[in-house]
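Note that these values count all heavy atoms, side chains included, but never hydrogens, waters or copies made by symmetry. For ligands, and for the atoms within them, numbers begin at 1 and follow the listed sequence.
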Amino acid sequence: GRLKYPELRSMYKLERKIGEGGFAKVRLATHLLTGERVAIKIMEKAVLGKDLSRVLSEVEALKSLTHQHITQVYEVINSEDYIFIIMEYCSGGELFDYIVNNKRLSEAEARSFFRQILSAVAFLHTNGYAHRDLKPENILLDNDHNLKLIDFGLCAKPVGGITTCLDTACGSLNYAAPELLLGVKYLGSKADVWSLGVLLYALLCGALPFDDSGTVPGELQKKIIMGSYNEPEYLSALSRQILGAMLQKDPRYRPTTVDLLNHKWVTMECFDPVTYASIYKHHEKDDQVLKVLADYYDLSLEEAWIRLSSWAYDYFTASYLLLLNKKRRGQLGSLNCVRTPIRLR
Ligand SMILES: CN(C)C[C@H]1CC[C@H](N2C(=O)N(C)Cc3cnc4ccc(-c5cc(Cl)c(O)c(Cl)c5)nc4c32)CC1
């Protein structure tokens, strides 16, 4: 609608809805100052109710997780009636659709994708987070065919760090680890490794290892707790080995994500080990980009840095981060503005 979300009007041009998720709508939009496309997750506070705190924990998680395979958050607007999370737009759609459209992937392509997902999840785990809802619907492709992890609504940073147990069973059944269904205390990172196993199975086989096709209610849970799944004959020995390691019923015997980074299946035919460290320095200072913003806002470089270094995730932060992305893509042109057409060399 024309007059909806006045809080966004002067800064973003709202475009079509790109998805619906639980209590959120996701809209495509354009950040007016830079012309960059963004995804805006819009949540109505009245609808959120007690989930508001979970949303705020997702936002805090996203802000601190700057990684090449995790959607980046640019701005957060907490208005009277809504919360808006302005994020990196992924134009390649969901990994789920990619798998369905390709039936199943070759071992080499599955490996390439799995290494990216593993990099993101190892980064989460080594930063004390667990995702807890890993599935192809929550993995998107950007326009360079790179994978981006999203939907941290269930992401947890348990108070005592990753070693304490979490007790709320959550996420989607097909990807849920046995211990979640048994209602016992579980480790988020170990449950994530199980979900990674289900994900890798989906990449390699174009199907789910545990699915509820033709079963009576409660049958799916039994299948997962039994932990037995069909191994198509085209699976290589090493594929079966890594799947078996991740889909172990007892979480204590499952490898950690860091163990998996060095697994033979993950590293074979690849020259470089999987780097899970972020390639971006969190909150890095780039003088060229800062200068562009300083000029636009009539600030000195020093004033602009002071304005930025509070990392308020306001429009200024978004403009800086989006310009930084533009620069990384080698497109640091001038800003879209009539006032001071800035020519950059
Ligand atoms: C299945 N989920 C519960 C919701 C669904 C909503 C649309 C979304 N999407 C799509 O489905 N495209 C096909 C396009 C698309 C493009 N860029 C996106 C960038 C970010 C996000 C995003 C969405 C949510 Cl709900 C988040 O929490 C985060 Cl951290 C990020 N979604 C995007 C997105 C995928 C997920």
Side-chain angles (χ1 to χ4, degrees), residues 5 8 12-31 36-45 47-48 51-78 82-102 113 116-117 120-121 123-124 127 129-157 170-176 192 195 198-199 202 208 278 313 317-318 321-322 325:
Y5 317 128
L8 295 174
Y12 295 93
K13 177 160 69 71
L14 281 182
E15 294 168 42
R16 71 182 191 289
K17 193 160 92 174
I18 47 179
E20 190 94 33
F23 42 76
K25 289 186 184 65
V26 182
R27 297 276 294 257
L28 174 62
T30 301
H31 177 265
E36 291 285 284
R37 306 198 100 170
V38 293
I40 304 185
K41 185 174 179 179
I42 303 168
M43 290 158 283
E44 200 172 342
K45 286 184 171 176
V47 171
L48 280 179
D51 281 322
L52 180 60
S53 60
R54 197 171 87 180
V55 167
L56 295 175
S57 74
E58 171 181 17
V59 170
E60 285 320 303
L62 274 171
K63 282 182 186 175
S64 61
L65 296 166
T66 307
H67 187 269
Q68 57 276 20
H69 295 303
I70 292 177
T71 36
Q72 186 168 17
V73 64
Y74 300 126
E75 181 175 2
V76 180
I77 301 172
N78 190 341
Y82 295 99
I83 291 189
F84 303 99
I85 309 178
I86 292 92
M87 295 172 282
E88 176 180 3
Y89 171 63
C90 305
S91 59
E94 291 184 7
L95 177 61
F96 182 84
D97 299 330
Y98 185 88
I99 299 171
V100 169
N101 298 339
N102 288 278
F113 277 160
Q116 295 179 46
I117 302 164
V121 180
F123 176 77
L124 276 180
N127 281 278
Y129 286 95
H131 188 280
R132 298 202 294 165
D133 194 14
L134 292 172
K135 56 188 180 184
E137 295 89 327
N138 284 341
I139 297 169
L140 300 176
L141 290 130
D142 69 6
N143 44 6
D144 303 321
H145 209 65
N146 291 318
L147 296 190
K148 301 278 179 177
L149 191 51
I150 62 158
D151 217 341
F152 291 72
L154 300 171
C155 183
K157 182 156 196 164
C170 53
S172 311
L173 212 49
N174 296 87
Y175 299 83
D192 279 349
S195 303
V198 178
L199 238 164
L208 292 174
S278 175
Y313 283 84
T317 307
L321 292 174
L322 285 162
N325 286 356

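The atoms of ligand 1 that sit less than 4.0 Å from any heavy atom of Glu94 are 11 (O). Atoms of ligand 1 lying under 4.0 Å from at least one heavy atom of Glu88, given by number and element, are 19 (C), 20 (C). For ligand 1, the atoms closer than 4.0 angstrom to any heavy atom of Glu58 are 26 (C), 27 (O), 29 (Cl).
Taking only nitrogen or oxygen atoms, main chain and side chain alike, Thr71 does not reach within less than 3.5 Å of ligand 1. Taking any N or O of Glu20, backbone or side chain, none lies under 3.5 Å from an N or O belonging to ligand 1. The shortest N/O to N/O separation between Tyr89 and ligand 1 does not fall below 3.5 Å.
Heavy-atom minimum distance, Tyr175 versus Ser195: O-OG, 2.8 Å.
Between the side chain of His69 and the backbone N or O of Leu147, at least one donor-acceptor pair lies under 3.5 Å. For the pair Asn146 (side chain) and Asp142 (backbone), a donor-acceptor distance under 3.5 Å is absent.
Applying the 6.0 Å contact sphere to CZ of Phe96 captures no more than 12 heavy atoms from other residues, nucleotides or ligands.
Using a 4.5 Å heavy-atom cutoff, the side chains of Asn138 and His131 are in contact.
In this structure, the salt bridge (charged side-chain N to carboxylate O under 4.0 Å, His left out) partners of Glu60, at least two apart in sequence or on a different chain, are Lys63. With sequence neighbours excluded, no residue satisfies ring pair (Phe, Tyr, Trp, His ring centres under 6.0 Å) with Tyr74.
Only the side chain of Leu140 comes within 4.0 Å of ligand 1, judged by heavy-atom distances. Only the side chain of Leu62 comes within contact range of ligand 1, with a heavy atom under 4.0 Å; no backbone atom does. Both the backbone and the side chain of Asp151 come within 4.0 Å of ligand 1, counting heavy atoms alone.
A heavy-atom separation below 4.0 Å is not found between Lys148 and ligand 1.
Distances from atom 22 (C) of ligand 1 to the heavy atoms of Lys41, Met87, Arg27 put Met87 nearest. Residue nearest to atom 17 (N) of ligand 1, selected from Ala24, Gly19, Cys90, Gly92: Cys90 (by heavy-atom distance).
Using bins of under 30°, 30° to 60° and over 60° for the plane-to-plane angle, the ring pair His145/Phe113 lands in the tilted bin.
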